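Computed from a prediction, not measured in an experiment: that's the story for all the values here. First the proteins, then the strands, lettered A, B, ... as listed; each starts at 1.
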2 protein chains.
Amino acid sequence: MSIRQDVHSSGIPVLCQSCEARHRGVCGALDADQLVGLAKTSSKHQVEAGVELVGDAETVGSYSNVLSGVVKLTKSLSDGRQQVVGLQFAPDFLGRPFKAESEINAEAATPVALCSFPKTVIERMMKESPGLEHRLLKQALNELDEARDWIVMLGRKSASEKVASFLVLIARNIDPAANASAPSASFDLPLTRSDIGDFLGLTTETVSRQLTRLRAEGVIRIENNRHVIIDDMKRLEQRCGD
Amino acid sequence: MSIRQDVHSSGIPVLCQSCEARHRGVCGALDADQLVGLAKTSSKHQVEAGVELVGDAETVGSYSNVLSGVVKLTKSLSDGRQQVVGLQFAPDFLGRPFKAESEINAEAATPVALCSFPKTVIERMMKESPGLEHRLLKQALNELDEARDWIVMLGRKSASEKVASFLVLIARNIDPAANASAPSASFDLPLTRSDIGDFLGLTTETVSRQLTRLRAEGVIRIENNRHVIIDDMKRLEQRCGD
DNA sequence: GCGAAGCCTTGATTTCAATCAAGCGAAGCA
DNA sequence: TGCTTCGCTTGATTGAAATCAAGGCTTCGC
C-alpha cells in the first residue's frame with residue numbers, strides 16, 4: 001500500500017492520511033524535513049483480528065501508529081490467567097521506548113491498520129527533535145491517568161459498575177458522535193465477552209449477565225451481540241460509581 | 001531548613017543532599033546554571049504522616065522531589081470507597097505536568113521530606129532543557145509499567161497473592177539491602193493494614209488474615225505489627241502468582 | 001498507672017462473583 | 001445439507017472475600 005507524501009496546506013508534508021486527522025500520534029510533532037525522512041522508512045500494514053503484533057517479524061524493532069481498529073495489550077500470570085492492561089485506539093502510538101522487551105503482548109482486537117517505523121529512525125529523531133519527546137511524554141502521562149482510573153475500577157467497583165464503566169469508555173473512544181455533550185451513542189464492541197472479562201477482571205459469564213441486566217432495565221440495547229446502542233448516556237454514567 | 005549548594009566532584013552543584021544519591025528525580029537532568037537557578041527557588045519541607053499534600057497551600061502550584069518517606073496517592077468514588085493509585089518513594093518526582101487539577105489526593109503515609117519547586121520554574125526549564133523532559137518521560141514510562149503490573153494484580157490475583165506481591169514490592173523499594181540478588185529483607189511497613197487494603201483492593205480484615213497466614217506458615221516474621229522480616233525472598237516470590 | 005483512641009486480630013455469617021454445567025444460534029467447512 | 005466450532009446466555013451450586021461483631025494490643029496523654 002502506497003504512502004501519501006503530498007503537502008498539507010500549511011506546507012507540512014503529510015506522512016499518512018490518518019496522521020493528518022488527529023495529532024496524538026508521532027507525526028504531528030515533527031518538522032517538514034523529518035517527516036520526509038520518516039516517510040521513506042515507514043510502511044503501512046493491514047492486520048486481521050486475532051493477530052499477535054509483538055513477536056511478529058514485521059513489528060519487532062519498530063514503533064507504530066494505530067490508524068484504525070483496536071489493539072489490545074495483555075499480560076499473563078504463569079498459570080495462564082490473563083489480564084488486558086491497555087487498549088489502543090487510533091491514533092495512539094504503539095511501542096515502548098527505552099526498553100527492549102516488555103512482557104506485554106499486543107494483539108489486534110479488531111481488524112487493524114498500522115503505520116510502522118523502524119525503532120532506530122524514531123530514536124534518532126527523538127534526540128534531534130524535543131517536540132517528539134514532548135508529545136510522547138504527554139501521551140505517557142495521559143495513559144498513566146487512564147491506568148489510575150482503571151486501578152480504581154478494578155480495586156473498588158462492583159461487577160455491574162465495571163461493565164457500565166467499560167461501555168462508557170468504549171463509547172467515548174469509538175463512537176465519533178459520542179462527545180462529552182452527546183446524550184447518546186452507538187457502536188460495535190471491539191472485544192468479545194471473554195476479552196471484556198479480561199479487561200474488567202471478571203469472567204465471561206459475569207460480563208454476559210451484567211449486559212443482560214442492563215438490557216433488561218432498558219439502559220442499553222444490543223443488536224447481533226456486538227452492536228450497542230445507548231440512548232441515555234447520563235443514565236449509564238450514573239451506574240459507573242464515580 | 002537551609003539548602004546545600006556545595007559543588008559535586010564532577011563540578012556540578014548539588015541542589016539537595018538526597019538528589020545527590022540517586023538521579024531519578026528532577027535535578028539530575030539539569031546543567032550547572034539551571035541547578036543554581038533552581039536552588040534559589042526551592043524549599044525543603046518536613047511533613048508528618050497523615051498530612052494532605054495536595055490542597056496544601058505550600059504544595060499547590062509546585063512540583064516536588066520526595067527525599068525520604070513514602071507518599072500515598074489515592075482516588076475516591078462518590079460514595080467514599082477509596083483506592084490507592086500510587087506510592088512514591090525517594091527520589092520520585094511528585095506532580096502532574098500539563099494539567100491543573102488531577103482528582104488525585106496525595107498524603108504523607110510516613111514522615112516525609114520534600115524538596116519543592118514552583119511549577120513556573122520547572123516548566124520554563126522543561127522548555128529550555130530537553131534532558132529534563134527526557135527524564136520525566138522515562139519516569140512516566142516506568143510508572144506506566146508499574147501501573148500495568150498493578151492492574152494484573154488487581155484484576156486476576158487472589159487475596160493471598162496480592163499480599164505477597166505487596167510485601168515484595170515494598171521490600172524492593174524500602175529495604176536498601178533487598179536488591180535483586182538479596183535472599184532476605186527487613187523493613188517497616190509504610191502503610192496501615194487499612195491502607196494496604198486500599199492498595200490491594202481488599203478489606204483491612206482480609207489483609208490481616210493473610211498476613212497472619214504467611215506468619216503461621218513461617219514465610220515472614222512480624223514484630224510490633226509494623227516491622228517485617230523476610231528470611232527467604234524466593235519463598236515469598238513463589239506466592240505472588242507470576 | 002490509668003483511661004481513651006487507634007490499630008489490629010479473630011470469629012460468625014452473608015453475599016457476590018466464580019465455577020460447573022447445559023443449551024442456543026451463527027459462522028465456517030466438508 | 002449436516003457437522004463442528006465458537007461465542008454467548010442462562011441456571012445451579014460453590015467458594016472466597018466482605019461484612020458484621022467483638023475483643024486484644026499499643027500508644028498516647030493525663
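Distance alone, capped at 3.5 Å, places no donor-acceptor pair between the B:Asn65 side chain and the B:Leu67 backbone. With hydrogens and angles ignored, the 3.5 Å screen pairs a side-chain donor or acceptor of B:Ser165 with a backbone N or O of B:Glu161. In this structure, the side chain of B:Ser160 does not engage the main chain of B:Gln210 through any donor-acceptor pair within 3.5 Å. Side chain of B:Asn173 to backbone of B:Leu169: a donor-acceptor contact under 3.5 angstrom is found.
Put simply, CG on B:Leu189 is 10 Å from P on C:dT9, counting in whole angstrom units. Atom C1' of nucleotide D:dA16 and atom CZ of A:Arg81 are separated by 13 Å, given to the nearest angstrom. Summarising the geometry, the separation between CD on A:Gln210 and C1' on C:dA18 is reported as 13 Å, rounded to the nearest angstrom. In this structure, the CG atom of B:Asn224 is 20 Å from the P atom of D:dG24, given to the nearest Å. Following rounding to the nearest Å, B:Arg156 (CZ) and C:dT19 (C1') show an atom-to-atom distance of 13 Å. Taking atom NZ of residue B:Lys162 and atom C1' of nucleotide D:dA18, one finds them 12 Å apart after rounding to whole Å. Computed from coordinates, the A:Leu200 CG to C:dA18 P distance equals 10 Å when rounded to whole Å. If you measure from atom CD of A:Glu161 to atom C1' of C:dA17, you get 14 Å, rounded to the nearest angstrom.
A rotation axis mapping the C1' atoms of four pairs onto the next four is fitted at both ends of the helix from C:dG1-D:dC30 to C:dA30-D:dT1 over five pairs, and the angle between these axes is 40° to 10 degrees.
When the side-chain nitrogen and oxygen atoms of A:Thr203 are compared with OP1 and OP2 of C:dA18, one or more of them lie within a distance under 4.0 Å.
A salt bridge does not link A:Asp232 with A:Lys234: none of the charged nitrogens is closer than 4.0 Å to a carboxylate oxygen. B:Lys75 and A:Asp242 are not joined by a salt bridge, as no carboxylate oxygen comes within less than 4.0 angstrom of a charged side-chain nitrogen. Salt bridge annotation for B:Glu143-B:Arg148: absent, with no cationic side-chain nitrogen under 4.0 angstrom from a carboxylate oxygen. Note on B:Arg172 versus B:Glu237: salt bridge recorded, some NZ/NE/NH1/NH2 to OD/OE distance being below 4.0 Å. In summary, B:Lys72 and B:Asp198 do not engage in a salt bridge, as defined by a charged side-chain N under 4.0 Å from a carboxylate O.
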At under 4.0 Å between heavy atoms, which parts of nucleotides 5-15 of chain D does protein reach? Answer with one letter per nucleotide, 5' to 3': B base, S sugar-phosphate only, - none.
-> ---SBBBB---
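Counting non-hydrogen atoms under 4.0 angstrom, B:Gly201 reaches the backbone sugars and phosphates but no base.
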